[in-house]
Amino acid sequence: MLSLSPARQKFWHIAHTSDSEMTINHLLEGALAIAWEEYPKMDLEHYREILEGMVSDLQIRIAKISYPLKIVQEINQYLFVEQNFCGNDDDYYNPCNSFITDVLDRRLGIPLSLSIIYMVIGDRLGFPIEGISFPGHFIIRPQHPNLEIFIDPYNKGEILFPEDCANKLEQLYGQKIPLQPEYLAPVSVRRILDRLLNNLKLIYLRRREPSKALAVIERSLMLNPNVPTQWRDRGLICYQLERFTESRIDLENYLQHIPYAEDSQIILQLIKEMNL
């Protein structure tokens, strides 16, 4: 722990919170810790205050509203019309879209980061919202017994019914795909943070920034230590960075747990090269 940066220490503590104790506040603080590692001199309190200011504005506006759909409409009006939050279609794979601090500054994000902001605000308003790990996208759902809807923050808070979700699935994949119940199941805070990190990993790999991708994988393994594919990816990046001892350990562990993996022959060849 002493060798970890303050941002990494903060994330470590969140990652080692039990699932039963993780709250939406852990989600916020985890997302802030991910951004803090990218921007070590950042003032975290400044961004907490931005969110609290939004919550204060909305508390006044919804104080006399009892109908839950009207609360959703009021939040949507505030976030997506007045505050101008929107999905970043023009530069979707910019890593800034995954840093909640940048999203708050730029008002641009991806489905997951915009959903996190919406969930945090809903939680502070006493209007709990859960995350839905929809295939290829991320949406949210109010936890209200009288409100059977989903919300798409990436599309300015578009309200979706299950049949709309089926249509969205077809739009995303370009073919008709049966809507399985698990596609609309809620996901844990741990899963959301891991998905946020996985987005960043893929972006950094695409941008050929191995050191940053490695830092992301290290935090993913704090959340879920026993994921062989993450060991493999860490091993491959360490190989690329010529950190061969670490690479060999990870790749050997990967094959020990998945001996018949499709890429096993490639991995074996790399291990053989490092043993020469």
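For this chain, numbers begin at 1 and follow the sequence in order.
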S247 vs L236 side-chain heavy atoms within contact, under 4.5 Å: no
More than 12 heavy atoms of other residues, nucleotides or ligands under 6.0 Å from CG of D91: yes or no? yes
Can any side-chain N or O of H13 pair as donor or acceptor with the backbone N or O of K10 at less than 3.5 Å? no
Cluster check I121, I60: I/L/V/M/F/W/Y, side chain < 4.5 angstrom: no
Determine, using the 4.5 Å side-chain heavy-atom cutoff (strictly less than), whether L255 and I249 are members of one ILVMFWY cluster. no
Look up atom CD in Q77 and atom CD1 in I75, then write down how far apart they are to the nearest 0.5 Å. 12.0 Å
Heavy-atom donor-acceptor pair, R208 side chain to L205 backbone, under 3.5 Å: no
If you define the side chain from C-beta out and look only at heavy atoms, does anything of R106 sit under 4.5 Å from N94? yes
Between F127 and L147, is there a side-chain heavy-atom distance shorter than 4.5 Å? yes
Are more than 12 heavy atoms, taken from residues, nucleotides or ligands other than L241, located less than 6.0 Å from that residue's CG atom? yes
No-hydrogen, no-angle side-chain donor-acceptor test under 3.5 Å, Y239 and D250: no
Checking R61 against Y78: charged group under 6.0 Å from the ring centre and within 45 degrees of the axis? no
d(M222 CE, L4 CG) to nearest 0.5 Å is 5.0 Å
Would you say that D164 contacts E158 through its side chain, given a criterion of any heavy-atom pair below 4.5 Å between the two side chains? no
Could you check R107 against C86 for side-chain contact (heavy atoms from CB on, under 4.5 Å), going step by step and ending with a plain yes or no? CA-CA 6 Å; R107 299 298 199 259; C86 64; over 6 Å; no
Residue pair I267 / R232, side-chain heavy-atom distance below 4.5 Å: yes
Regarding R124 and N25, do their side chains bring together a donor and an acceptor under 3.5 Å, going by distance alone? yes
Kindly indicate whether the side chain of F134, heavy atoms from C-beta on, has any atom under 4.5 Å from the side chain of L169. yes
When F80, F85, Y92 are each screened for ring pair (Phe, Tyr, Trp, His ring centres under 6.0 Å) with Y154, the one that passes is Y92
For the residue pair D105 / Y47, report whether a side-chain donor-acceptor contact shorter than 3.5 Å exists. yes
Looking at V187 and R191, what are the two nearest heavy atoms and their distance? CG1-NH2, 3.8 Å
Residues forming a side chain to side chain contact (heavy atoms under 4.5 Å, CB included) with Q180, sequence neighbours excluded: P178, E182, Y183
Nearest heavy-atom contact between T17 and R190 is O-NH2, 2.6 Å
More than 12 heavy atoms from other groups under 6.0 Å of OH on Y39: yes
Return the CD1 to OG distance between I110 and S98, rounded to the nearest 0.5 Å. 3.5 Å
Heavy-atom closest pair, residues G122 and I129: CA-CD1, 4.1 Å
Taking the side chain as C-beta and beyond, is there a heavy-atom pair between L114 and L79 under 4.5 Å? no
Quick one: does any side-chain atom of S264 pair with a main-chain N or O of Y260 as donor and acceptor, under 3.5 Å? no
Using atom types as modelled and distance alone, determine if a side-chain donor or acceptor of D263 lies under 3.5 Å from a backbone N or O of I266. no
According to the interplanar angle, ranging from 0 to 90°, do the rings of H257 and W231 count as parallel (below 30°), tilted (30 to 60°) or perpendicular (above 60°)? perpendicular
Looking at every non-hydrogen atom in both residues, tell me the closest pair between A31 and L193 and how far apart they are. N-CD2, 3.7 Å
Is the closest side-chain donor-acceptor distance between N76 and Y118 under 3.5 Å? yes
Locate the shortest heavy-atom distance separating E37 from A215; write the atom from each residue and the value. OE2-CB, 3.9 Å
Just so I know, are the side chains of N198 and S220 near enough to count as touching, which here means a heavy-atom distance under 4.5 Å? no
Taking atom CZ of R206 as the centre, report whether more than 12 heavy atoms of other residues, nucleotides or ligands fall under 6.0 Å from it. yes
Shortest non-hydrogen contact from I237 toward I217: CD1-CD1, 3.6 Å
Quick check on salt bridge (charged side-chain N to carboxylate O under 4.0 Å, His left out): which of K201, K212, R8 does E218 satisfy it with? R8
